[in-house]
Amino acid sequence: MYKRLTRYLLVILTAAPFLLSAQDSLRRHKLDASFDIYTHHLWRGAANGTSVSLQPSVEYSYGNFSAGVWGAWSIDGSYTELDLYAAYSRGSFNVTLYDYFCPVNPVKEFEFFEIRQGTTRHTFDLNVAYARPEKHPFGLLVATMIYGDDINPETGDNYYSTYIEPSFHFRLLKSDMKLVSGFTPVKSYYADRFAFVNTGLSASRIVKLARKVNIPAILKLAYNPYADKFHFSFGITL
């Protein structure tokens, strides 16, 4: 009996590191889903659509890698978007490749699998972001459209439109605040010259509705100096 018990203990002790390693590996696999509702969909100084925007998303992550799908649909049918993305983070840097798919509205044909240059409604946008909130409040985003629906009508070639957004993060009134001042350095999708296209402030916080009901909320104020347009949006995450 004693020898049998000893063998059992030896087997368990031998297998334990492998079992713990497998459990730890499984824990690193994550699948998250969310559903946002915004009064308007704002993106880099522009308002997309003319009504409330419903924005579901699903993301898979493992270690430093993540990938997901995100959508936006204006309830009046004025704007539709379906995006895929893959990202890798290392230290203070995050590199993300987005595939923006923005069909013409009202959507009559599903053109998701049309990727030919000049006819596709896809745009591939490579983003490199830097942030180190534990050290300082400054951040930087550099994004370049590398293929797709980003055509210079004069040449028929890609603009390679680039958007650069310095940001400043701080806390105020129990909210996470973010100041941005985004610009395009050359003629591009965003403007026909160097121009600031997205300046503004966002504030996000957790709103407590009941003892166990908390809802993330965000308020966005944006001004596009190039287009001389002001935008406002309020959103919640369910």
Side-chain angles (χ1 to χ4, degrees), residues 24-38 41-46 48 53-73 79-103 112-113 115 120-150 158-169 176 178-185 188-190 197-198 200 202 204 216 218 220 222 233 235-238:
D24 181 64
S25 179
L26 287 173
R27 289 193 200 102
R28 294 180 65 191
H29 292 271
K30 294 182 180 180
L31 187 64
D32 297 305
S34 66
F35 187 80
D36 298 338
I37 303 174
Y38 279 89
H41 172 38
L42 304 185
W43 186 76
R44 298 180 184 173
N48 296 320
S53 178
L54 307 181
Q55 302 177 5
S57 65
V58 177
E59 180 179 274
Y60 162 79
S61 61
Y62 177 77
N64 295 332
F65 172 81
S66 62
V69 57
W70 177 93
W73 178 71
Y79 187 75
T80 304
E81 182 174 346
L82 180 63
D83 301 343
L84 304 176
Y85 65 89
Y88 181 80
S89 60
R90 182 98 177 167
S92 304
F93 291 89
N94 181 279
V95 179
T96 307
L97 178 62
Y98 288 97
D99 171 13
Y100 304 131
F101 175 64
C102 305
F112 188 82
F113 298 104
I115 58 172
T120 184
R121 300 299 298 176
H122 288 268
T123 302
F124 293 88
D125 195 33
L126 182 62
N127 290 216
V128 179
Y130 168 82
R132 201 172 184 183
E134 73 280 5
K135 294 293 184 179
H136 54 72
F138 301 102
L140 180 66
L141 166 68
V142 179
T144 299
M145 297 179 183
I146 58 176
Y147 180 82
D149 190 21
D150 174 44
N158 275 94
Y159 273 123
Y160 294 101
S161 298
T162 297
Y163 174 80
I164 301 173
E165 182 187 276
S167 59
F168 181 80
H169 304 252
D176 292 317
K178 181 181 178 181
L179 280 168
V180 302
S181 185
F183 64 93
T184 183
S188 67
Y189 160 86
Y190 305 99
V197 295
N198 183 32
S202 64
S204 59
I218 185 169
K220 297 181 180 181
S233 184
I236 60 173
T237 298
L238 302 179

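Side-chain contact between F183 and V197: absent, with no pair of heavy atoms (C-beta onward) separated by less than 4.5 Å. Counting heavy atoms from C-beta outward, D32 and V58 have side chains that stay 4.5 Å or more apart. Inter-residue side-chain proximity for N198 and Y163 is flagged as met; some heavy-atom pair is nearer than 4.5 Å. The side-chain heavy atoms of E59 and W70, taken from C-beta on, include no pair separated by under 4.5 Å. Here the side chains of I37 and L238 are in contact, with some heavy-atom distance below 4.5 Å. Taking the side chain as every heavy atom from C-beta outward, E165 and L140 never approach each other to under 4.5 Å. Here the side chains of Q55 and E81 are not in contact, with every heavy-atom distance at 4.5 Å or above. The side-chain heavy atoms of M145 and Y189, taken from C-beta on, include a pair separated by under 4.5 Å.
F101 does not carry R121 over the face of its six-membered ring by the limits of under 6.0 Å from the centre and within 45° of the normal.
With values rounded to the nearest 0.5 angstrom, T80 atom OG1 is found 11.0 Å from H41 atom NE2. One finds the CG atom of N158 at 9.5 Å from the CG atom of D149 (value rounded to the nearest 0.5 Å). Taking CG of D125 as the reference point, atom CD1 of I146 lies at 8.0 Å (rounded to 0.5 Å). Taking OG1 of T162 as the reference point, atom OH of Y160 lies at 10.5 Å (rounded to 0.5 Å). Note that the CD1 atom of I164 and the OH atom of Y190 stand 10.5 Å from one another [nearest 0.5 Å]. Annotation: the span from Y79 atom OH to S53 atom OG amounts to 8.5 Å, rounded to 0.5 Å.
Judged by distance alone, with hydrogens and angles left aside, the side-chain atoms of T120 form a donor-acceptor pair with the main-chain N or O of H122 at under 3.5 Å. In this structure, the side chain of S233 does not engage the main chain of Y38 through any donor-acceptor pair within 3.5 Å. Counting only distance, with no hydrogens or angles, the side chain of S204 and the backbone of S202 share no donor-acceptor pair below 3.5 Å. In this structure, Y147 contributes its side chain and I115 its backbone to a donor-acceptor pair below 3.5 Å.
Judged purely by distance below 3.5 Å, without hydrogens or angles, the side chains of Y98 and N127 never pair a donor atom with an acceptor atom. Checked by atom type, the side-chain pair T123/D150 shows no donor-acceptor distance below 3.5 Å. Side-chain N/O atoms of N94 and T96 include a donor and acceptor closer than 3.5 Å. At a cut-off of 3.5 Å, with distance as the only test, no side-chain donor of T237 or S34 sits close to an acceptor on the other residue.
Considering all non-hydrogen atoms of both residues, R28 and G63 come closest at NH2-CA, 3.4 Å. In terms of heavy atoms, H169 sits closest to G139 at CD2-N, 4.5 Å.
Using the six-membered ring where Trp is involved, F138 and H136 have ring planes that are tilted, between 30° and 60° apart. Relative orientation of the W43 and Y100 rings is perpendicular, given thresholds of 30° and 60° on the angle between their planes.
Aromatic pair F65/Y88: centroids not less than 6.0 angstrom apart.
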Exercise. Please test D83 against D99 for side chain to side chain contact (heavy atoms under 4.5 Å, CB included), starting from the C-alpha separation and ending with a verdict.
Key: CA-CA 5 Å; D83 301 343; D99 171 13; over 6 Å; no

